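Step one of this worksheet: look at the structure below.
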Amino acid sequence: MNKNKVLSEMFDRMADALEFLDENRFKVIAYRKAARVLEDYPEDIEEVYRKGGVKALKAIPGIGERIAQKIAEYLETGHMHKYEEVMSMVPQELLTLLDVQGIGPRTLRLAYDKLGVRTVEDFKRVLEDGSLARLPGMGPKKIENIKKGLELYERMRDRIPIGLAFPLVNEIIEAMKKLDEVNRISACGSFRRMKETVGDLDILTTGTDGRKIIDYFVHLPGVTRVLASGDTKGSAIFHDRYQVDLRVVPEESYGAALQYFTGSKQHNVHLRTIAKSMGLKISEYGVFKGDEMIAGKDEAEVYKAIGLPWIPPELREDWGEIEAAAAGKLPLLVELNDIKGDLHVHSRYSDGTATLEEIAERARELGYEYIAICDHSVSAKYAHGLEIERLKEKVERIRKLNKSLDGVRLLAGTEVDILPDGRLDYPDEVLKQLDFVVASVHTWRKDEDVTDRILRAMENPYVHVIGHPTGRLISQREGYQVDIDKIIEKAAETDTALEINAYYDRLDLRDINVRKANEAGVKLSIGTDAHNIGQLWMMVLGVGTARRGWSTPQSIINTMSYDELIQWTSSKKERMSQ
DNA sequence: GCCGTTTTCGGCCCGACTGTTTTCAGTCG
């Protein structure tokens, strides 16, 4: 994790604190903006400062004199006076509750001022004993809402969205590979299975000197606490949040250990049952017939020993993959390499930060044939949704730009809002001029069932994809009410694709719904929903989710060539207008 | 605290919804 991220988090925390302290709200906005800019900034901020000093920092949009000074102070001294000052003025632990749906700065401040609430425990107590409910403005509905928000938050708190762990794990693995003693290395656990959230992160290595490998591991940059450090196992907390366990096993047991630590538990139990019926025993050290080890060096060997083909990690949930494997009916899963483009990206035209040129350039680097620019529509005011005129201007610029591009094409698209009555936020005459149309629900009334809105949107001949179909946010909210089975049925009927939104906090559709969609023969579209080019890597999360839902390349429209994709998008038009 | 065809002060996105009010505050997107 570089200093960009560290600084970004500092400014974010300060923004939270200032909001709690009732500072000028525009100052709060400025801090938040600085945090976002820093997080998104493609270059290492330390490098920028080293080369150009405070002046170079100020040249970054959103960073002015005062914030530049603070950044410089931190980079020079490792401290930021203002940060420490502000943090000393607020109950820091309490502020973590700002992440809870339904709790804002005013509510916290009220509890702090009137009830002396200082900690999360305090807050829960006043919530339960009714003293919070007695304060002005706090009715029963509000209390109920906060309780539900807290429940969801608690349930998710110990698990980490995979997208947050992903860069860290890759960083650790890359760092470990530099050590000569490390031979083979891989992540395992739910991370390797690409589950949407992960608990502890497990990494497995083989190597010649366990103690040295573990010692190197617990001294990696980013380690804030060491929990264990021995010959075969090390455990450390990275960045105060992520627990990472590293295991070193003998070369001949690597496959068995990888299989064992990848899980899932249910999958492993099922495998062991089969092994037992064959007079074999599977452990993390190998597959044994009596005392004789008959497999273990490679994972495929382990599966082969009990008469199965190798099963991709993403399928190992005991959701029928073992039976499918035994019957020779495992799906040939889509792979990242099959993906020819990203089908949901925001540009600077709405609430993204990248220009069309930057997106095109990055798409080319990623080896894409195309990338769909899907900015927000008029009604999405908070996201600078595009008025029709501005959309037309964007389309023209894309058409022009495409003539000068080599090897990659931008698709003129939109993420059009599905309005409360199910109409779309742009008229058909406008939509028909676009290459790619994602339609999404962004606003809904509490407890509203949005199924009919989405069904109606799918009837539109110009809608190619339903964006993030359930609206859930992994760490924040459950999403709107929607009958996913009806959506899938209608998607099949109208040949509308459903999105696998690959943004780490969405992963929507989620794995089980992807599987349902596949069983119904529905096409799926993977889009990162990236708002800057630093988020395009999340395609791998979308592909992981697709794989967890048993997707083959045939069901994913991103595997189509440009020509095939254009043909597919226009075929709906033709069919629906007949 | 940032920024400038609104230019060194004064605006910065703001409407919708909800729940709580009796005219509005808090939260969200």
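Only a predicted model underlies this, so the values are computations on that prediction, with no experimental measurement involved.
In this structure, A/R13 forms no cation-pi arrangement with A/Y83, as its terminal cationic atom is not both closer than 6.0 Å to the ring centre and no more than 45° off the ring axis.
Rounding to whole angstrom units, CZ of residue A/R36 and P of B/dC2 are separated by 17 Å. Per the geometry, CZ belonging to A/R106 stands 16 Å off C1' belonging to B/dT20, to the nearest Å. Protein atom CG of A/L135 is 18 Å distant from nucleotide atom P of B/dG19, rounded to whole Å. A/L108 places its CG atom 12 Å from the P atom of B/dG26, with the value rounded to the nearest Å. Here B/dA16 presents its C1' atom at 13 Å from CG of A/D417, a figure rounded to the nearest Å. Here the P atom of nucleotide B/dC17 and the CD atom of A/E448 are 10 Å apart, to the nearest Å. The distance from atom CZ of A/F20 to atom C1' of B/dT27 is 17 Å, rounded to the nearest whole Å. Distance, A/F26 CZ to B/dC12 C1': 5 Å, rounded to whole Å.
With 3.5 Å as the limit, one finds no donor-acceptor pair spanning the side chains of A/E73 and A/Q69. Counting only N and O atoms by type, the side chains of A/D529 and A/H346 include a donor and acceptor under 3.5 Å apart.
Separation of the A/Y426 and A/Y462 ring centroids does not fall under the 6.0 Å cut-off.
Here the side chain of A/K142 is nearest to one of B/dG19, B/dT27, B/dG1, namely B/dG19. Ranking B/dG1, B/dG19, B/dC28 by closeness to the A/Q101 side chain, first place goes to B/dC28. Here B/dG29 is the nucleotide among B/dT20, B/dG29, B/dT27 with the atom lying nearest to any side-chain atom of A/H442. Distances from the side chain of A/K82 to the nucleotides B/dG29, B/dG1, B/dG19 place B/dG1 closest.
Nearest-nucleotide positions on DNA chain B place A/G64 closer to the 5' end than the other of A/I103 and A/G64. Residue order along DNA chain B, read from the 5' end via each residue's closest nucleotide, puts A/A30 first among A/A30 and A/P140.
Remark: the separation of the C1' atoms in B/dG29 and B/dC13 is 11 Å, to the nearest Å. Across B/dA16 and B/dT22, the matching P atoms stand 24 Å from one another, rounded to whole Å. Taking the C1' atom of each, B/dT8 and B/dC2 are spaced 12 Å apart, rounded to whole Å. On the P atoms, B/dC28 is 26 Å away from B/dT23, given to the nearest whole Å. For B/dC12 and B/dT6, the C1' atoms lie 11 Å apart once the distance is rounded to whole Å. With C1' as the reference atom, B/dT27 and B/dT20 are 13 Å apart, rounded to whole Å.
Using a 4.0 Å cut-off, some side-chain N or O of A/T107 falls inside it from OP1 or OP2 of B/dT27.
Of the candidates A/R106, A/R25, A/R32, A/R109, A/E19 forms a side-chain hydrogen bond (donor to acceptor under 3.5 Å, both in side chains) with just one, namely A/R32.
Under the 30°/60° scheme for interplanar angles, the aromatic rings of A/W444 and A/Y480 are found to stand perpendicular.
Across all strands shown, A/N24 has heavy atoms under 4.0 Å from base atoms, whether or not it also approaches the sugar-phosphate. Note on A/I63: only backbone sugar-phosphate atoms sit closer than 4.0 angstrom, heavy atoms only; bases stay farther off. Within the nucleic acid shown, A/K381 comes within 4.0 Å of at least one base atom, counting heavy atoms only. Nucleic acid contact for A/K58: none, since no nucleic acid atom lies under 4.0 Å from a heavy atom of the residue. A/R445 comes within 4.0 angstrom of the backbone, heavy atoms only, and of no base. Counting non-hydrogen atoms under 4.0 angstrom, A/P136 reaches nothing in the nucleic acid.
Under 4.0 Å is where a charged nitrogen must lie from a carboxylate oxygen, and between A/R399 and A/E396 no such pair does.
Across all strands shown, B/dT8 has no partner, as no Watson-Crick or G-U wobble contact with both distances under 3.5 Å is found.
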